[in-house]
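Notes follow the structure.
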Amino acid sequence: MRTFSTIIASSTPIGRYLISRLSLRRSHAISVKPQASTPPMAAADASNEESLRRTLAEKQSAVDAQGNAVRALKAAKASKPDIDAAIESLNRLKLEKSSVERELQSVVSGSGGGASVNREAFRQTVFNTLERRLFFIPSFKIYRGVAGLYDYGPPGCAVKSNVLAFWRQHFVLEEDMLEVDCPCVTPEAVLKASGHVEKFTDLMVKDEKMGTCYRADHLLKDFGNEKLEKDLSLSAEKAAELRHLLAVLDDLSAEELGAKIKEYGITAPDTKNPLSDPYPFNLMFQTSIGPSGLIPGYMRPETAQGIFVNFKDLYYYNGNKLPFAAAQIGQAFRNEISPRQGLLRVREFTLAEIEHFVDPQDKSHAKFSEVANLEFLMFPREEQMSGKSAKRIPLGEAVSKGIVNNETLGYFIGRVYLFLTCLGIDKERLRFRQHLANEMAHYAADCWDAEIECSYGWIECVGIADRSAYDLHAHTEKSGVALVAQEKFSEPREVEKLVIAPVKKELGLAFKGSQKNVVEALEAMNEKEAMEMKAALESKGEVEFYVCTLGKNVCIKKNMLLISKEKKKEHQRVFTPSVIEPSFGIGRIIYCLYEHSFYTRPSKAGDEQLNVFRFPPLVAPIKCTVFPLVQNQQYEEVAKVISKLLKVAGISHKIDITGLCSG
């Protein structure tokens with residue numbers, strides 16, 4: 001594989017000597033033969049599509065009416081000139097209808113006739129080139145492989161290593177982050193606290209005869225997209241209904257998904273057999289820790305939880321100061337129901353995640369001014385809901401107008417933009433899309449996705465979320481360890497404090513061995529919950545109270561608990577920090593980079609097309625190639641000296657002695 005940048009400076013003595021003895025030239029990673037062109041990527045305009053569908057319906061009605069008129073004339077044995085004129089009119093209407101069909105096909109396919117076919121051909125060419133050149137290899141290939149698992153080959157490992165090295169430089173080093181490395185195997189208790197055991201699910205359907213499993217929403221999405229793209233006879237009303245369905249797909253319950261699958265007559269793609277009703281499937285790989293099998297665990301679905309559970313120690317390491325950020329790069333695992341989209345949806349993948357801890361009362365950022373003037377494609381939820389397109393917005397304006405919730409979130413959006421564009425992602429095919437209300441968790445303040453356009457459409461590659469204090473609250477409640485920060489006051493302040501005082505004697509008599517669980521749950525109540533309980537106890541004398549660690553309701557009586565508010569003088573404020581979380585899918589970013597770097601060009605002889613990856617030097621798997629000018633032992637020895645110098649400098653390279661003249 002030949003690649004990509006000149007490294008030896010001619011201004012240095014060694015550079016002048018080496019350049020005088022050898023020719024060093026830039027080159028490209030070149031594959032062979034198959035032809036492909038970069039696919040057009042323009043998005044369909046919904047209003048234009050609707051207008052064209054209505055026009056097409058009118059043209060079809062006119063063609064049908066004129067066809068009936070021709071048949072009537074023939075049946076009535078009308079004169080030949082009258083029949084010929086009617087047929088000419090019919091042919092003209094058919095041509096007009098065909099013209100509208102072509103225009104509609106152009107819109108629904110993206111841009112230009114056959115754009116969908118072009119995208120698929122382009123994708124297959126890229127995929128074949130990557131596999132042939134060992135950028136990746138299907139895992140366990142000699143055993144027919146396993147869907148959703150891939151190995152990185154030598155050039156793929158080099159690209160990935162370069163991307164991760166730049167990520168560390170751009171974020172960990174430049175932002176003074178604390179990097180950690182936590183185990184992939186995670187005890188069940190941790191993932192119960194985070195909500196993954198209960199809620200980390202997708203809805204699945206089964207082929208009722210063969211037992212093959214499919215993701216229910218994917219089947220519905222594929223059906224909707226295929227109808228919109230290929231069924232030109234679809235009415236404007238039906239097309240609008242399908243577009244609305246695709247927009248709210250993530251918000252549908254199992255019952256609603258099942259009803260839509262039946263309504264549209266969707267069957268198993270491979271066998272056309274009927275499908276079961278949708279039901280939840282947990283995506284985590286389950287395991288047990290230790291030979292006894294008594295400690296349940298899971299392969300982590302994300303790296304973030306390792307950072308959250310270490311917050312107390314990281315906060316101490318950072319001098320008990322906020323804000324600070326912790327970062328982690330590592331493998332994550334998700335047992336995808338039906339992996340597809342090639343390298344984009346896999347069962348084991350590399351995540352790079354940042355947890356930036358900040359005071360919830362102050363989410364300003366000291367370095368926000370460094371990114372405030374950046375302007376790029378943003379897709380706020382208002383534009384999405386009104387059917388508009390993404391537009392260029394200065395980041396400072398987005399924050400000042402409240403489109404982006406706060407400066408810290410905005411700062412990381414800007415830093416993510418700089419990271420991706422420096423890697424080589426085309427800024428014209430990069431946008432930041434705000435989550436709709438139905439996509440966001442109830443506790444999240446704001447969420448944005450960095451989406452990159454490739455042959456699969458717009459792909460979420462980085463999520464940037466303000467998760468408020470949810471994660472640290474959840475682990476505090478379940479572990480009993482306070483994951484909090486302190487702000488020390490220069491002067492004592494008088495504040496009104498909530499006091500929850502469980503009467504342990506009464507609770508012990510009532511709950512015996514479960515007393516500790518009940519006490520911890522009562523003490524973890526927030527002010528709103530506590531004051532509601534106080535009012536209920538005063539009016540009814542008892543109240544039902546859910547204890548998470550017991551998984552059931554218990555009856556709390558008035559004599560078991562004292563709840564009050566007291567005025568106290570405090571020397572510090574104790575609070576749970578909020579978390580801003582940028583989460584990077586490294587494999588997805590790399591795949592989009594492959595597509596954005598790919599092009600074809602004719603060979604020198606002009607008899608074939610060559611496939612080329614034009615990587616930026618930052619990520620190129622091979623930084624330079626050394627070419628001796630002539631085939632001569634003396635020059636070859638010098639080439640070896642240069643090679644050794646490059647290795648010592650950590651610069652990947654190749655020595656190429658093909659096609660040299662004798663000298």
Side-chain angles (χ1 to χ4, degrees), residues 120 138-141 143-150 186 188 191-192 194-231 238 241-288 293 296-302 332-349 438-439 441 456-457 459-460 585 587-588:
E120 290 176 10
S139 298
F140 319 113
K141 186 176 178 181
Y143 290 97
R144 300 183 183 177
V146 178
L149 295 176
Y150 294 93
T186 307
E188 183 180 57
L191 294 167
K192 270 191 174 179
S194 66
H196 284 85
V197 171
E198 181 183 355
K199 297 178 181 177
F200 197 66
T201 59
D202 280 334
L203 292 171
M204 182 168 77
V205 291
K206 273 188 178 181
D207 180 322
E208 290 190 337
K209 293 183 179 178
M210 304 301 293
T212 310
C213 300
Y214 305 94
R215 244 181 84 167
D217 61 331
H218 281 179
L219 292 181
L220 206 50
K221 183 178 180 180
D222 290 345
F223 171 83
N225 285 332
E226 186 172 2
K227 289 289 284 184
L228 287 169
E229 188 168 320
K230 296 183 179 178
D231 188 354
K238 199 69 177 176
E241 176 191 316
L242 283 173
R243 281 196 298 272
H244 174 72
L245 174 65
L246 294 174
V248 301
L249 201 55
D250 291 339
D251 211 27
L252 297 183
S253 66
E255 293 73 21
E256 290 167 329
L257 269 176
K260 287 295 180 185
I261 286 172
K262 287 178 181 174
E263 177 185 339
Y264 293 124
I266 297 172
T267 56
D270 302 320
T271 63
K272 307 306 178 188
N273 291 331
L275 296 166
S276 69
D277 291 331
Y279 61 95
F281 172 77
N282 194 293
L283 298 177
M284 292 191 294
F285 286 97
Q286 190 166 13
T287 186
S288 58
Y298 296 88
M299 303 301 290
R300 65 184 180 191
E302 62 181 26
F333 307 82
R334 296 181 186 178
N335 194 13
E336 295 286 352
I337 294 168
S338 49
R340 57 184 196 166
Q341 294 184 315
L343 299 169
L344 295 178
R345 187 172 293 279
V346 293
R347 287 175 165 141
E348 180 180 348
F349 49 94
N438 62 8
E439 295 178 90
Y456 290 101
I459 301 298
E460 172 200 345
R588 289 187 170 197

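Here the structure is a predicted model, which is why all the values come from computation and not from measurement.
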Side chain of [X], backbone of [Y]: donor and acceptor closer than 3.5 Å?
X      : Y      : answer
Asn282 : Val197 : yes
Arg300 : Thr186 : no
Thr287 : Gly297 : no

The criterion is salt bridge (charged side-chain N to carboxylate O under 4.0 Å, His left out); which residues satisfy it with [X], sequence neighbours excluded?
X      : answer
Glu256 : none
Glu263 : Lys260
Arg345 : Glu336
Lys221 : none

Heavy atoms only: give me the nearest [X]-[Y] pair and the separation to one decimal.
X      : Y      : result
Leu203 : Leu257 : CD1-CD1, 3.4 Å
Pro278 : Ala254 : CG-O, 3.6 Å
Leu191 : Pro301 : CD2-CD, 4.0 Å
Pro339 : Gly148 : CB-CA, 3.7 Å
Cys213 : Met204 : CB-SD, 3.6 Å

message = Could you check whether Tyr214 and Asp270, counting side-chain N and O atoms only, form a donor-acceptor pair closer than 3.5 Å?
response =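 Distance-only check passes for Asp270 and Tyr214.
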Could you work out, with side chain to side chain donor-acceptor pair (under 3.5 Å) as the rule, every residue matching [X], not counting sequence neighbours?
X      : result
Thr271 : Asp207, Asn273
Arg588 : none
Glu208 : none
Lys227 : Asp231

Rounded distance (nearest 0.5 Å) linking atom [atom1] of [X] with atom [atom2] of [Y]:
X      : Y      : atom1 : atom2 : answer
Leu252 : Leu245 : CG    : CG    : 6.0 Å
Leu220 : Ile266 : CG    : CD1   : 4.5 Å
Thr212 : Met210 : OG1   : CE    : 6.0 Å
Ser194 : Lys199 : OG    : NZ    : 10.5 Å
Phe333 : Tyr298 : CZ    : OH    : 15.5 Å

Note, [X] side chain near [Y] side chain (heavy atom, < 4.5 Å):
X      : Y      : result
Arg243 : Leu228 : yes
Leu246 : Asn225 : yes
Leu219 : Val205 : yes
Phe285 : Arg334 : no
Phe281 : Ile337 : yes

inquiry  = What verdict does the side chain to side chain contact (heavy atoms under 4.5 Å, CB included) test give for Arg347 and Val146, after you've listed the backbone C-alpha separation in whole Å, the side-chain angles of each residue and the deciding distance to 0.1 Å?
reply    = CA-CA 10 Å; Arg347 287 175 165 141; Val146 178; 4.3 Å; yes
inquiry  = Does anything in residues 271-283 form a salt bridge (Lys or Arg N to Asp or Glu O under 4.0 Å)? List the pairs, not counting sequence neighbours.
reply    =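 Pairs touching residues 271-283 that pass the test: Lys262-Asp277.
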So, using ring-ring contact (aromatic ring centres under 6.0 Å, His included) as the criterion, who are the partners of [X] when residues are at least two apart?
X      : answer
His196 : Phe200
Phe223 : Tyr264
Tyr150 : Phe136

request  = Check the surroundings of atom CD in Glu241: do more than 12 heavy atoms from other residues, nucleotides or ligands lie under 6.0 Å from it?
outcome  =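 More than 12 within 6.0 Å, yes.
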